[in-house]
Amino acid sequence: MRLTLTRPDDWHLHLRDGPALGAVLAHTAERFARAIVMPNLKPPVTTTEAAGAYRARILAALPAGASFEPLMTLYLTESTSPAEIERARASGFVHAVKYYPAGATTHSDAGVHDLARLEATLARMEELDLPLLVHGEVTDPAVDTFDREKVFIERVLAGLVRRYPGLRIVFEHITTREAVEFVAAAGARLAATITPQHLLLNRSALFDGGIRPHNYCLPVLKREHHRLALLAAATGGSPKYFLGTDSAPHARGQKETACGCAGIYSSHAAIELYAEAFESVNALSRLEGFASFHGADFYRLARNSATLTLIREAWTPAPSYPFGADVLVPFRAGSPVAWRLAPAGG
Ligand code: NCD
Ligand code: ZN
């Protein structure tokens with residue numbers, strides 16, 4: 001069986017920098033026409049100028065002949081000014097601003113403690129229609145890790161949506177039924193991305209015969225009923241949900257250790273894994289909307305015109321891929337993925 005789609009885009013991706021960027025970029029460029037590139041480098045990408053320089057490094061790292069457009073983002077800090085928002089909007093290459101609650105995830109220490117300090121900046125984004133991308137987890141240590149998204153909706157997101165009625169917001173990598181319900185009930189200016197791991201795994205995958213660091217990401221995997229709610233949302237045809245892998249490569253040594261980093265690498269099999277998830281509920285006919293149309297429409301960019309073909313034929317990802325001086329262990333390392341990419345032009 002073959003499945004041909006309009007070429008998809010990845011609306012949430014970590015490409016890193018330097019040798020790590022060179023190691024992972026080809027996987028994304030093979031599958032996706034564009035990607036929203038996360039700004040959580042060390043140091044973070046906080047200015048339009050830095051985003052432009054990062055964009056140039058990404059383009060320089062592309063394999064010969066690849067056609068891929070990086071869509072850049074700014075990292076919101078408590079000193080992001082309205083003037084920076086104006087520069088971002090005028091650049092044409094910055095497409096959104098990313099809000100990390102300080103301390104919520106990898107490289108988020110420069111993030112925001114209190115959104116109330118950013119009123120003028122958020123108002124400028126609202127005026128200029130520059131979307132805000134939200135990592136939706138509270139950082140309050142008193143809140144159980146598995147409840148941090150749900151509590152974020154109550155404590156932060158609901159107020160944000162109310163206070164800036166014109167601001168377009170993407171609730172990134174949603175993981176709970178509560179998030180699906182909140183997005184579904186909100187207006188069209190609130191959308192959400194969903195990762196392949198949250199469609200395919202529940203939290204038992206973290207403890208499958210022993211602790212599984214390569215299934216650890218943030219927000220952490222949740223219970224099965226949440227997975228089913230996400231799958232229903234992704235495959236239900238609503239334009240509010242779109243593909244965002246959150247592929248987040250870390251060296252094996254940073255994952256297989258006493259205090260391992262959060263992040264799952266899925267770029268090597270991203271669209272194939274989504275096809276598996278959609279097929280599991282007989283919804284392959286809805287994959288193209290989720291992967292290729294809804295995100296472009298939300299970001300007000302043209303839909304892609306090229307196509308990509310998948311073949312229903314199992315293959316097994318390598319146990320690891322080179323990653324700078326170390327290696328990285330990909331999602332499904334050493335076990336089969338049901339769909340494969342058709343060779344280019346085939
Ligand atoms: C991301 C990373 O490693 O940069 N990790 C993750 O678990 N998703 C950061 C993030 O998006 O939370
Ligand atoms: Zn991410």
Side-chain angles (χ1 to χ4, degrees), residues 9-18 20-21 23-25 28 32 35-45 54 58 70-76 95-112 131-139 145-146 148-149 152 156 169-176 179 191-201 203 205-206 212-222 230 242-257 259-267 270 273 295 323-324 326 328-331:
D9 302 303
D10 184 349
W11 300 100
H12 183 126
L13 175 66
H14 299 270
L15 282 176
R16 313 305 190 203
D17 209 347
L21 165 64
V24 300
L25 180 59
T28 290
F32 297 101
I36 283 277
V37 179
M38 289 296 126
N40 63 333
L41 303 182
K42 277 264 183 230
V45 180
Y54 183 28
I58 296 168
L71 308 172
M72 308 311 292
T73 59
L74 292 193
Y75 186 114
L76 187 70
H95 292 268
V97 176
K98 178 68 188 274
Y99 160 42
Y100 290 103
T105 187
T106 308
H107 299 167
S108 64
D109 31 296
V112 175
L132 181 70
L133 314 183
V134 172
H135 183 108
E137 289 191 288
V138 293
T139 55
T145 297
F146 292 93
R148 286 182 185 176
E149 183 175 281
F152 181 87
V156 184
I169 299 174
V170 183
F171 191 176
E172 297 285 356
H173 43 53
I174 58 170
T175 64
T176 58
T193 53
I194 307 180
T195 76
Q197 64 265 25
H198 292 102
L199 293 175
L200 291 165
L201 303 178
R203 66 188 196 173
L206 290 164
R212 299 290 183 163
H214 299 293
N215 288 338
Y216 174 58
C217 66
L218 285 170
V220 71
L221 297 170
K222 303 296 192 300
L230 296 168
F242 40 85
L243 185 159
T245 60
D246 195 20
S247 181
H250 290 278
R252 181 165 67 185
Q254 301 286 311
K255 296 282 293 174
E256 298 177 7
T257 178
C259 185
C261 291
I264 293 177
Y265 182 73
S266 61
S267 297
L273 291 165
F323 189 64
D326 200 331
L328 73 80
V329 178
F331 193 75

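Order of listing sets the numbers, starting from 1, for every ligand and every atom in it. Side chains are part of it too, since the values below use all heavy atoms of this structure and drop only hydrogens, waters and symmetry mates.
- In this structure, the side chain of Thr193 does not engage the main chain of Leu243 through any donor-acceptor pair within 3.5 Å.
- For the pairing with Leu201, the side-chain contact (heavy atoms from CB on, under 4.5 Å) check across Leu221, Leu206, Thr195 returns one residue only, Leu221.
- Closest approach of Ala23 to Gly324, counting heavy atoms only: CB-N, 4.5 Å.
- A donor-acceptor pair is defined here as one N or O able to donate and one able to accept, closer than 3.5 Å; no such pair exists between the side chain of Tyr99 and the backbone of Gly136.
- Neighbouring protein atoms of the Zn ion (ligand 2) (N, O or S, distance under 2.8 Å, waters ignored): His12 NE2, His14 NE2, Asp246 OD1.
- For the 3.5 Å distance criterion, the side chains of Glu172 and His12 qualify, holding a donor opposite an acceptor.
- Closest non-hydrogen pair, Val24 versus Leu328, comes out as CG1-CD2, 3.9 Å.
- A salt bridge does not link Asp326 with Lys255: none of the charged nitrogens is closer than 4.0 Å to a carboxylate oxygen.
- Looking at Asp10, its side chain never comes within 3.5 Å of a backbone N or O of Ala35 through a donor-acceptor pair.
- For Tyr265 and Phe331, the distance between ring centers is not under 6.0 angstrom.
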Tabulation required: pairs of a nitrogen or oxygen in ligand 1 and a protein nitrogen or oxygen under 3.5 Å; columns are atom names and distance to 0.1 Å; otherwise 'none'.
residue	atom	partner	partner atom	Å
ligand 1	3 (O)	Arg16	NH2	2.8
ligand 1	3 (O)	Thr106	OG1	3.3
ligand 1	3 (O)	His250	NE2	2.8
ligand 1	3 (O)	Ala262	O	3.2
ligand 1	4 (O)	His14	ND1	3.3
ligand 1	4 (O)	Arg16	NH1	2.9
ligand 1	4 (O)	Arg16	NH2	3.4
ligand 1	4 (O)	Asn40	ND2	2.8
ligand 1	5 (N)	Ala262	O	3.2
ligand 1	7 (O)	Leu218	N	2.8
ligand 1	7 (O)	Ala262	O	3.4
ligand 1	7 (O)	Gly263	N	3.2
ligand 1	8 (N)	Leu218	O	3.1
ligand 1	8 (N)	Asp246	OD1	3.4
ligand 1	8 (N)	Asp246	OD2	2.7
ligand 1	11 (O)	His14	NE2	3.0
ligand 1	11 (O)	Asp246	OD1	3.2
ligand 1	12 (O)	Thr105	OG1	2.7
ligand 1	12 (O)	His135	ND1	3.4

